[in-house]
Each structure stands twice: as C-alpha cells, then as structure tokens.
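Beneath this line is the structure, given in structure tokens, with notes to follow.
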Amino acid sequence: METKYIFVTGGVVSSLGKGIISSSLACLLKARGYRVTIQKFDPYINIDPGTLNPYEHGECYVTVDGHEADLDLGHYERFTNVRTTRANNVTTGRIYQSVINKERHGDYLGRTVQIVPHITDEIKRCVKALGHTGEYDYIITEIGGVVGDIESLPFLEAVRQLRWDLGQDSLCIHLTYVPYIAAAKELKTKPTQHSVKQLQELGIQPDVLVLRTEHPVTEEVRRKIALFCNVAPDAVIQSQDVPSIYEVPLTMHAQHLDEIVLRKTGITPEGEPHMAPWMNFVEKMRGASEVVTIGLVGKYVELQDAYKSINEALFHAATYADHKLEIKYIHSEKLDESNAGALLGDLDGVIIAPGFGQRGVEGKFVALKWAREHDIPTFGICLGMQCMVIEFARDVLGLADANSTEMNPATAHNVIDLMEEQKGIADMGGTMRLGAYDCALRPGSLAAGAYGKELVSERHRHRFEFNEAYRGRFEEAGMQCVGENPRTHLVEVVEIPGKRWYLGTQYHPEYSSTVLEPNPLFISFVNAAIAYKESKK
Ligand code: GLN
C-alpha cells in the first residue's frame, strides 16, 4: 500500500497529550498489523534538546542511533515497541541549519532563499524521509507547539502543501481543550471552534478532532462542535482524563479512532486489533493492590518529567510483578547524614539518578553509603553508577578524596575520568558518547542473570567513565566490573555480589523499556525490592 501520513496538531493550550494520542493511535494501528512510526517536529531553534536543561524541557531521551531527542519519542517507543532514530525528531534549528548549509554550498544557484518554498520544502523532505525507506505503512507526524504560535507557521504551511499533494493518503487530527466552567456547570466549545478556525485560515481542515476534557462530552456538545468545525460527529472524539496513560489506546479504540483513520485513508477496517498482550498489562495494572516503594535520589525531583523514562521503566517492572508503584522523590541536595535514615528507612529499593555537575552529588554519596550499609536494593544509573564507584572508593578503598574529574579536576584519585575520545571536544551539542553500544556481561553475574544473556546493547549519554587503572583494587575489595564494552573494554556495569541487589550501569537501561518488552534490569531490581519488602514483614 501507499504510505499514509497522519498529522497531529494541537490548539487552545499546550500539554494536551498529543504525544500520547499519537502513540495510542500508533499502538492500535500496529496491533492491526500495520507498520507504523511516529515522528515529532519541534518548532524551537535548538538543533536538538541535548543542550536544554531539564527545567526547560524535562528529560532528554536518547535513540539507539545516538540522537538526543524530545521525551515524546520515549512514549512512541514505549507504546509501539518500534525503535526511533534521528529521523524521528526534527527541530526548526535543524531545518534552518540544513537550508543554510545548502545555501553556503551554492545549491540554490544564486536564488533568494525564502521560508516558502525553501524552508517548507526542507520540512516536507524531512516529513517524507521515513516514508521513503519503504518500511512503514503509516507515518504519524506530531507538530509540536500550538496552532497560532509564530514558530509553528512554516510547519503548518508544509502540512497544508503535503495534504494537497497526498490527498486521501493523508489525514489531520487536531487536539483541543474543552474547559468546564464550574459556575455555569457547562463544557465550553468556543476555544475549540476558534482553534479550528485558525487552522482553517492556514488552509488545513482537520478530519478528526480529539477533545481533551475533564468531564464527559455530551452528544449535544459533540454535534455542536462537528457542525461548527466541518467534521463528522463520529470523528469528534473525547479524551477524558484516565488514571494511566496506558489506558488511552483502549479509550481511543472504544471510540473507533483506529477505524476512522483507516476509512479516511481509503482502507476498509477488518476485524479487531490484536490488543491481548497490551490488555494483559492493563489488567495487571488495574488489579495490583500491594505497593512497592522505590526512592529516587536526584536533583530534579520537583520536575514531573525530568526522570520520565526511569519512572516508566519502574512502572512497567512493578506492573509485571503485580505491584502498584510508589516513587518517593528524594532531593539529593536535601539529603545528609542526619536525615538519611528518616528519608531512606522505609524504602524497598533506591535509584540513584543520572545527572551532570557537582550540585546534589554529596547527597547521592550519603544515600549510597546508607543503602550499601543497610543492604537495600540499589540501582545506580549513569552518574548514579559513577557515584557508586566514588562512594565505594572513599569508604571501602580508603581513598578519601576519590572523585570524578567532572566534579574535581584536581583530585588525586580520579576513579571516574573523562573518556580519552572526549578530551579534544569543545562543542557541547551532540558530542557525548551517545546511543546504543554492546556490553558483554560476566557469566554468573547479577546483570547476566537478569538479562538471561551475556551480550546486551543499551543506550548511553555521558562523557566520563570508570578509570581502568583502579579496576583491580575495586575487584579485590568486592566491587566487580561485570559488564564491559567488548571492543574498548570500557566498564559499563558494576555490582557488589553478596548484597541483596547493588548494581550500577554506565548506560541508561530505562530508555529501552517498553510496555510489551520491559527492561530486564528494572524487572530484576523491582523483584529484589519486593523480596526485600516481604523479608521485612
Ligand atoms: N555527568 C556524567 C558524565 O557525563 C553522567 C551523565 C549522565 O548521568 N547521563 O559522564
């Protein structure tokens, strides 16, 4: 079949859950046997979110091919089990960079370079790039931002042109917000009407409207919106708040979103999507009553999205273990010897978060020492693993000033040091060790047992590494380097055998955890936390 393009836009306000609706639709189409991918176009000027701090943009997600991406790509992978790449996330900055490079190269043959057609052509080229691989039946393109933003205009103009070119092979889904005015006890449709008008002024007629609402949309409201917006009443779909994002594919299917999309793109829907594995997960999620409590020690704990993939990977693991997940966020800057027992004492397991820079690091050492001495299941990720190494060096090896050269370039014991290949790098963007690398695991180790194999591939985002010169001393004292890159021998996993579960990874296993394929290390860690909880009873 011809590749079909679905555009997802948003109006009225941001944070309507375009990423979740796109992911849910992709999940349903995939469950019907179609080959689907999702891409996101972000209207900001940064080349990618890699240089944005978490206060600006939440977590930075990393793809297997080493692209620092918008966190929505994490949802896309978790809902579809389809790996994304650099081609799945494009920003205004990248579009302009590529047009300006072409201009400098002389590709425009002396013509004036303009937003239309040059920028819009480049956007169209990027939209279609995944389609040209021949690997997908449906390509869902989420346009970041809100209709009416100055930044979004070139993207929407490109969508208008593409819809004209593609005809029935394309479709536009527009998300809006339907506010409830408590004093009037009424849902209000006017913001939706205005937002659709704005889209129509740009030459785009939406085919499907998804209304985000806190209260059920009545038949009357649905008909009114359909009438004012030139959309069929059955294509006005409500997205009412649900307890978990993983319920959304089911609520969308109950309103036939997948069938509507198929029909409108010229395909007759047959049968039902194969959602049994997804339902199994959702039923476990709904049925869980016992709680497992995991502490997350980091410096961005007040931000909802800063540790998104870790939260979700923990949630997948807890759900498969038939437990409800409770995450206790512990601010690493507020943790010290005087309150460690009070903050960590009730936990069933503790995660030491990734991060950059000195701020909050001392609190991570305190948490690690407490967790190690009290034998609580402990999982260090990236900077968390580096802190495990430093804390062990200080407390067990007796190297009092052991540190990472990231925190103290003058330390006498640089147990964590800048990678050789990083030494000449000056540019900050896209220059870390990024993406998936192989890791060979020692037979019989906790890590190899968890994965059930001895060669894995996981994603990275770091500049510093375990200093090979200290390896022997760590191993003699009980911290084993059980995972390493088979080519460079860079240490990727450390653990302390004999502890309940004490393991750190230089890589980020959370990025690869999906609903249908939860990450084995998170499964193993959460199971250890549950066993520890049981042992305390
Ligand atoms: N700051 C550390 C490094 O660059 C760890 C990075 C991380 O936790 N993602 O190596």
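Index from 1, following the sequence. Just so you know, ligand 1 is whichever comes first in the structure, and atom 1 is the first atom listed for that ligand.
Tyr451 pairs with exactly one of Leu521, Leu446, Ile523 by the side-chain contact (heavy atoms from CB on, under 4.5 Å) rule, that one being Leu521. For the pairing with Arg442, the salt bridge (charged side-chain N to carboxylate O under 4.0 Å, His left out) check across Glu475, Glu495, Glu454 returns one residue only, Glu475.
Of the N and O atoms on the side chains of Arg433 and Tyr507, not one donor lies less than 3.5 Å from an acceptor on the other residue.
For atom 10 (O) of ligand 1, the closest non-hydrogen atom on the protein side is Phe464 N, 2.9 Å. Counting protein heavy atoms only, atom 9 (N) of ligand 1 is closest to Arg461 O, 2.9 Å. Scanning the protein heavy atoms around atom 4 (O) of ligand 1, the nearest turns out to be Arg463 N, 3.0 Å. The nearest protein atom to atom 5 (C) of ligand 1, hydrogens excluded, is given as Gly355 O, 3.3 Å; this is a heavy-atom distance.
The residues Arg83 and Glu77 are annotated as salt-bridged, a charged nitrogen and a carboxylate oxygen being separated by less than 4.0 angstrom. Salt bridge annotation for Lys364-Glu333: absent, with no cationic side-chain nitrogen under 4.0 angstrom from a carboxylate oxygen. Ion pair Lys536/Asp348 flagged as a salt bridge, since at least one NZ, NE, NH1 or NH2 atom sits closer than 4.0 Å to an Asp/Glu carboxylate oxygen.
Using a 4.0 Å heavy-atom cutoff, His508 is listed among the residues neighbouring ligand 1. Ligand 1 is never approached by Glu465 to a heavy-atom distance shorter than 4.0 Å.
Ligand 1 has a nitrogen or oxygen under 3.5 angstrom from a nitrogen or oxygen of Gln386.
Near Cys382, the atoms of ligand 1 lying under 4.0 angstrom from a non-hydrogen atom of the residue are 5 (C), 6 (C), 7 (C), 8 (O), 9 (N). Interface of Pro354 with ligand 1, defined as ligand atoms under 4.0 Å from a residue heavy atom, comprises 8 (O). Residue-ligand proximity, Leu383 to ligand 1, at heavy-atom distances under 4.0 Å covers atoms 5 (C), 7 (C), 8 (O).
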### Task
Evaluate the ring-ring contact (aromatic ring centres under 6.0 Å, His included) criterion for residues Phe522 and Phe379: first the C-alpha distance (whole Å), next the side-chain angles of each, then the deciding distance (0.1 Å), finally the verdict.
CA-CA 9 Å; Phe522 278 88; Phe379 194 175; 5.1 Å; yes
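Nearest heavy-atom pair, His489 versus Glu468, reported as atom, atom and distance to 0.1 Å: O-OE1, 3.8 Å.
Contacts between Glu406 and ligand 1 below 4.0 angstrom, taking non-hydrogen atoms only, involve the side chain exclusively.
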